[in-house]
Every structure is written in structure tokens, then in C-alpha cells.
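Residues take their numbers from the sequence shown, with the count starting at 1.
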Amino acid sequence: MSVLDAPVGTAPGPAGTGEGLVGVFVRLKLALLRNGLRQSAGRRAAYIASVVFTLLIAAGLLIGLIALHGYAHAATLVVLLAAVTAVGWAVMPLFFAAGDETLDPSRLVMLPLRPRPLIGALLASSLVGIGPLFTLCLAAGSVFAVASGAVGAVFAVVAAPLALLLCVALARTVATANTRLLTSRKGRDLAVLSGLVIAVGFQFVNFGAQRLGRAGGLTALDPAADVVRWLPPASAVGAVDSASRGAYGQALAQLLLSVAALGALLWLWQRSLAKLMTAPDGSTLAAAGPGREKTGKDGPRLTALLPRGRTGTVMERSLRYIARDPKTKAAWTTALAIGLIVPVVNALQGSGSIYFACFAAWMLGIQMYNQFGQDTSAFWMVALTISSTRDAYLELRARALALLLITLPYTILVTVVTAALLGDWGDLPEVMGLSFALLGGMLATGAVASANFPYSIPQDGAFKNVAPGQAGLAWISIFGGMVSAGLLCAPVVAMTIWLHVAGLEQWLWLLLPVGAGYGALIIWAGLRLAAPRTADRLPEILAAVSKG
């Protein structure tokens with residue numbers, strides 16, 4: 001009998017121990033992954049490629065960390081790396097592509113399962129995946145870099161899996177505690193701001209790393225590492241370093257601190273899970289109360305400013321998604337903020353270049369990818385209106401035009417602001433031309449990727465942006481498209497380099513019309529290429545985007 005065929009609330013093993021429940025959840029996760037990969041050969045190829053890519057990065061980092069063994073500042077680096085990894089585990093499941101049904105506690109509220117055994121089952125299933133394997137490689141490399149002697153090796157054997165368990169438990173605790181907030185409409189709107197703050201925080205970390213390089217290396221981080229080594233899970237890695245230096249009392253205290261932190265997280269996770277499974281959801285009760293009547297006052301209709309016919313209708317629908325759908329709004333808000341922050345902050349630091357303004361076009365161009373996925377199951381209504389290649393072309397063209405209403409003026413604004421901060425008005429035309437070409441390449445490859453690699457965006461969990469089994473497909477779609485967009489811009493880049501090398505700076509202004517024209521041309525070519533593919537693959541696209 002299959003695991004999924006067992007009666008609700010039953011599990012192998014002694015009742016209430018959770019021993020059989022662990023196996024059920026692990027097999028359930030493996031079954032979800034296996035069934036997701038069976039749907040198409042393209043999905044299998046995308047997943048395998050993403051796994052290979054991730055494993056190559058993990059192997060490179062593991063080798064690099066092992067090579068640090070004996071380096072004077074290895075402890076500083078690995079302790080801070082453990083802290084950054086923990087922060088990533090805490091925020092990534094909430095705002096980026098992650099999660100599946102076995103990790104979403106809201107799907108378990110109707111099952112007669114006790115929170116305590118359920119915690120063990122969820123923790124075990126959380127350890128199955130490429131993310132935990134990647135983290136384990138980082139943890140193993142980190143403890144190897146600082147371990148020396150028999151005692152240090154013993155502490156290392158305990159510290160590496162302990163750090164992994166802490167990271168996973170932290171992610172699950174944060175996700176469970178915020179499930180109802182993030183699945184409500186107001187909560188998902190708040191997640192827009194939270195995601196923006198996190199994205200901005202990553203940029204400031206990047207700028208801090210740049211300043212660190214100018215400050216003389218890792219020596220400047222020693223004071224910070226001395227504090228962080230007492231914060232779990234970095235304290236587990238710090239315990240290995242302390243034991244290797246002969247400070248056994250300090251090492252034991254740091255290790256026990258990590259163990260206590262793991263116990264506290266599991267306790268908090270259990271409390272949040274019990275509350276989620278037993279307490280009524282009152283997050284939206286106020287919305288149904290008295291006094292909330294429709295005013296009937298709608299502003300001027302956006303349709304009046306858009307073209308008539310199918311083009312205007314599709315553009316209005318796309319713009320309303322941006323304004324109303326929480327996940328689409330979050331993606332756009334983050335892209336708009338980061339696209340401005342990167343060039344502006346670099347310029348204010350005095351180390352920037354006006355070419356950083358091209359980053360805005362790159363960030364906004366990503367929004368063209370997975371156009372049909374944002375429709376979710378409602379795409380069937382769009383599919384009913386597409387009966388030919390021309391219908392598909394008009395649909396894709398209108399979506400691209402809706403994006404251009406925002407991306408074009410924003411790209412110009414960021415370029416002008418960056419030039420003003422740097423006082424580099426002479427390079428403004430060529431950078432704007434390069435931005436237009438890059439934007440055209442992103443929209444063109446985004447249209448093709450939307451037709452060939454569609455994936456679903458689940459609506460029932462604010463911390464899930466990709467349906468189970470489709471994460472590899474999403475990464476291939478986005479990163480493969482971005483690489484292709486860069487290659488498409490090669491002629492304009494080559495022209496820029498040639499004019500500089502040949503000393504023809506007086507003709508650099510030509511890059512503005514050339515970049516704009518070339519960008520428009522490749523957008524047209526990309527839409528023409530994607531249209532027949534979209535019309536032919538409508539059933540596959542509908543199945544893919546309706547999965548969540």
C-alpha cells in the first residue's frame with residue numbers, strides 16, 4: 001500500500017512516537033519531487049542542470065574552505081560565513097523561491113497530528129534537498145578550516161550537523177510563525193516592504209565588503225567575529241576553533257549555546273505549529289465587519305490612456321497585476337529599489353561608474369520572465385483567446401508594452417540621476433543606449449522563456465514563489481535567459497568598445513539611437529520567435545502554470 005493510501009491520522013510505528021511519521025514525510029517529499037520530474041523531459045533537464053550547477057558551486061566552496069586550513073584569519077571568515085548562512089536560511093524561504101507541500105504547515109491543519117512528533121517529521125523532510133546539502137558542505141568546510149588535533153576533530157564532527165540543524169530549524173520556525181500573516185492580504189502587502197528591506201540590506205552588505213577590501217582585509221573583521229562566535233549557529237563553528245586552540249571550557253560553552261538555541265527553536269516552532277493548527281484565523285475577520293461599504297468612487301479608468309482593442313485590455317490587466325497582486329507587487333518594488341540603489345550608492349561612495357546605471361534595465365527586464373505564471377490558474381481564460389500565432393503575438397506584445405511603460409522612463413531616470421551624481425554627462429548617451437539594448441534583450445529572452453519554461457507561482461503561501469518540482473525550471477528560465485540577453489547585446493557592447501579603442505569619442509552619441517533601435521529590433525524578433533511557440537504549447541503552459 002502506498003504511503004498516501006494510508007488512512008488519515010495513521011502512521012507506521014508506535015502511536016504518538018512519530019517514528020513512522022518521519023518516514024512518511026520523507027517519502028512524501030521524495031514522491032512529490034519524483035512526480036514533478038515525471039511531468040516533462042524539459043523539467044527533468046532543468047532540474048538536473050540546476051542541481052549540477054549548485055553542486056559545482058558547493059564543491060568549489062568546500063575546496064576553498066579546506067584550503068584555508070592553517071590560515072591565520074580562517075576562524076574569522078568561517079564564523080562570519082556561518083552567521084550569514086543562518087540569516088539567509090531565515091529570510092530566503094519567506095521571500096524567494098522555496099518550499100513545498102511537506103514544509104507548508106497550513107496544509108496540515110485538518111489532519112489529526114500532534115505538534116511534537118510532527119516537528120521531527122517536518123525537520124527530517126526539511127533536510128532532504130539541495131539546499132541542506134549545500135549548507136552541509138559549507139559547514140563541513142568551515143569546521144575543517146579551523147579544526148586541529150583530536151579534540152578539535154571531535155568538536156568538528158558534532159558542530160557541522162548541529163549548524164545545519166540550527167539553520168533548518170530557524171527557517172521552519174520563522175516560516176511557521178509568519179504563515180498566517182503572510183497568507184493574508186494585508187500580510188502579503190507587508191511582505192513587500194519586508195522583502196524590500198532585506199534586499200536593500202544585502203546591498204549594504206555588498207558595499208561593506210567593498211569597503212573591507214580597501215581597509216586591509218580580514219583583520220578589520222576580527223572584532224566582529226569575536227562577538228559573532230558567541231551567536232548560534234556561528235558559535236558551533238567557533239567551538240571547533242576554541243577547542244583547536246586548547247580553550248576547552250570556552251569551546252564547550254559555545255557548543256552548548258548552539259544546542260540550547262536548537263532546543264529553543266524547536267520549542268518555538270512547536271508552539272507556533274500548535275497555534276496554527278488549533279487557533280482560529282482572525283487575520284481577516286475585521287474585513288468582513290460592518291462599516292466597510294464600497295464607496296463606488298473609482299478614479300479615472302486606466303483604459304482611457306491605453307490603446308483600444310486587445311492590446312489595451314492586456315496592458316491594463318498586466319498593470320493591475322503589478323498594482324494589486326502581492327507577489328507581483330513585491331517583485332516590482334524590489335526591482336525598482338535595487339535598480340536605483342546600486343548605481344546611486346556606488347556613485348555616492350565615489351567608487352561608482354555611470355555604467356552601473358545599466359543595472360536598472362537588467363533588474364526590471366527580469367519581470368518579463370514567466371509572464372504566464374503570474375496568471376496562475378486564471379491563464380485558462382487567456383488561453384481561450386489565443387487560437388493562432390497572431391493572437392499569441394498580440395498577447396506577448398501587449399505584455400511587453402505594459403512593462404515598457406514603467407521600465408523605459410525608469411531606466412532614463414536612473415541613468416540621468418547617476419550621471420548627475422558623478423558629473424559624467426559626456427557618457428550619458430552611450431550608457432543610455434547600452435541600457436536600452438540590454439532592456440530589449442531581457443524582454444526578448446523573457447518572452448521566449450515564458451513560452452518554453454513556464455512555471456506556477458503558488459498563491460496559498462507567501463513564502464513560496466515556485467511550485468514543488470519546478471524550482472530548477474525557474475532557475476534555468478531566469479538565468480539562462482539573462483545569459484542569452486547578455487549575448488544578444490554583444491554587438492552594441494562591441495561597438496562601444498571599438499569607438500573607445502579607436503579614439504572616436506566624438507561619435508559615442510550614436511550609441512543612443514543605435515541602442516534604442518537595436519533594443520526595439522530584438523524585442524520584435526523575440527516576440528516573433530515566442531509567438532508560434534506559445535500558440536503550439538498552450539496546453540503544456542496551462543498545465544505548468546496551474547500546478548500551484
Side-chain angles (χ1 to χ4, degrees), residues 54-90 92 127 130-171 205-206 208-213 215-265:
T54 304
L55 290 178
L56 288 175
I57 295 178
L61 290 173
L62 179 60
I63 294 172
L65 290 170
I66 292 175
L68 287 175
H69 185 73
Y71 178 62
H73 297 286
T76 297
L77 179 62
V78 297
V79 164
L80 294 176
L81 177 62
V84 171
T85 303
V87 173
W89 269 94
M92 292 287 280
L127 294 173
I130 191 64
L133 179 60
F134 182 86
T135 304
L136 183 61
C137 290
L138 290 183
S142 297
V143 298
F144 186 90
V146 295
S148 62
V151 179
V154 171
F155 271 82
V157 171
V158 177
L162 179 59
L164 172 62
L165 289 174
L166 269 167
C167 288
V168 175
L170 176 62
V205 170
N206 177 40
Q210 295 177 9
R211 285 187 175 273
L212 177 64
L218 294 175
T219 305
L221 288 178
D222 287 341
D226 291 338
V227 176
V228 172
R229 68 173 60 246
W230 289 97
L231 302 176
S235 60
V237 179
V240 179
D241 177 56
S242 299
S244 301
R245 292 186 286 104
Y248 302 127
Q250 178 178 330
L252 184 60
Q254 289 173 318
L255 193 64
L256 290 177
L257 188 60
S258 292
V259 173
L262 178 59
L265 284 174

*Could you give me the CA-CA distance, side-chain angles and deciding distance for Val143 and Val157, then say whether side chain to side chain contact (heavy atoms under 4.5 Å, CB included) is met?*
CA-CA 8 Å; Val143 298; Val157 171; over 6 Å; no

*Taking all heavy atoms of Ala234 and all of Ala83, pick out the closest pair and write down the distance.*
CB-N, 4.2 Å

*In Å, rounded to the nearest 0.5 Å, how long is the span from OG1 of Thr135 to CD1 of Ile130?*
10.0 Å

*If we only count heavy atoms from C-beta on, is the Leu81 to Leu65 side-chain gap below 4.5 Å?*
yes

_Non-hydrogen side-chain atoms of Pro233 and Leu162 separated by less than 4.5 Å_ = no

_Nearest-0.5 Å distance that lies between atom CG in Leu133 and atom CG in Leu138_ = 10.0 Å

*What is the distance from atom CG of Leu166 to atom OG of Ser258, rounded to the nearest 0.5 Å?*
5.5 Å

*Specify the closest pair of heavy atoms between Gly152 and Val240, including all atoms of both residues, with the distance to one decimal.*
O-CG1, 3.7 Å

*Taking all heavy atoms of Gln250 and all of Ser242, pick out the closest pair and write down the distance.*
NE2-OG, 3.2 Å

_Validation row: Phe144, Leu62 side chains within 4.5 angstrom (heavy atoms)_ = no

*Got Val79 and Asp241 here, is their nearest side-chain heavy-atom distance under 4.5 Å?*
no

*Just by modelled atom types, is the Val146 backbone N or O under 3.5 Å from a matching donor or acceptor in the Ser244 side chain?*
yes

*Which value, rounded to the nearest 0.5 Å, describes the distance between Leu170 atom CG and Leu262 atom CG?*
10.5 Å

*First locate atom OG of Ser142, then atom CG of Leu68, and finally report the distance between them rounded to the nearest 0.5 Å.*
9.0 Å

*Mind listing the closest non-hydrogen atom pair of Ala75 and Arg229 along with its distance?*
CB-NH2, 4.0 Å

_Which atom of Phe155 lies closest to which atom of Ala243, heavy atoms considered_ = CD1-CB, 3.6 Å

*Looking at CG of Leu252 and CG of Leu257, how far apart are the two atoms once the value is rounded to the nearest 0.5 Å?*
11.0 Å

*What are the two closest non-hydrogen atoms of Ser235 and Trp230, and how far apart are they?*
CB-C, 4.0 Å

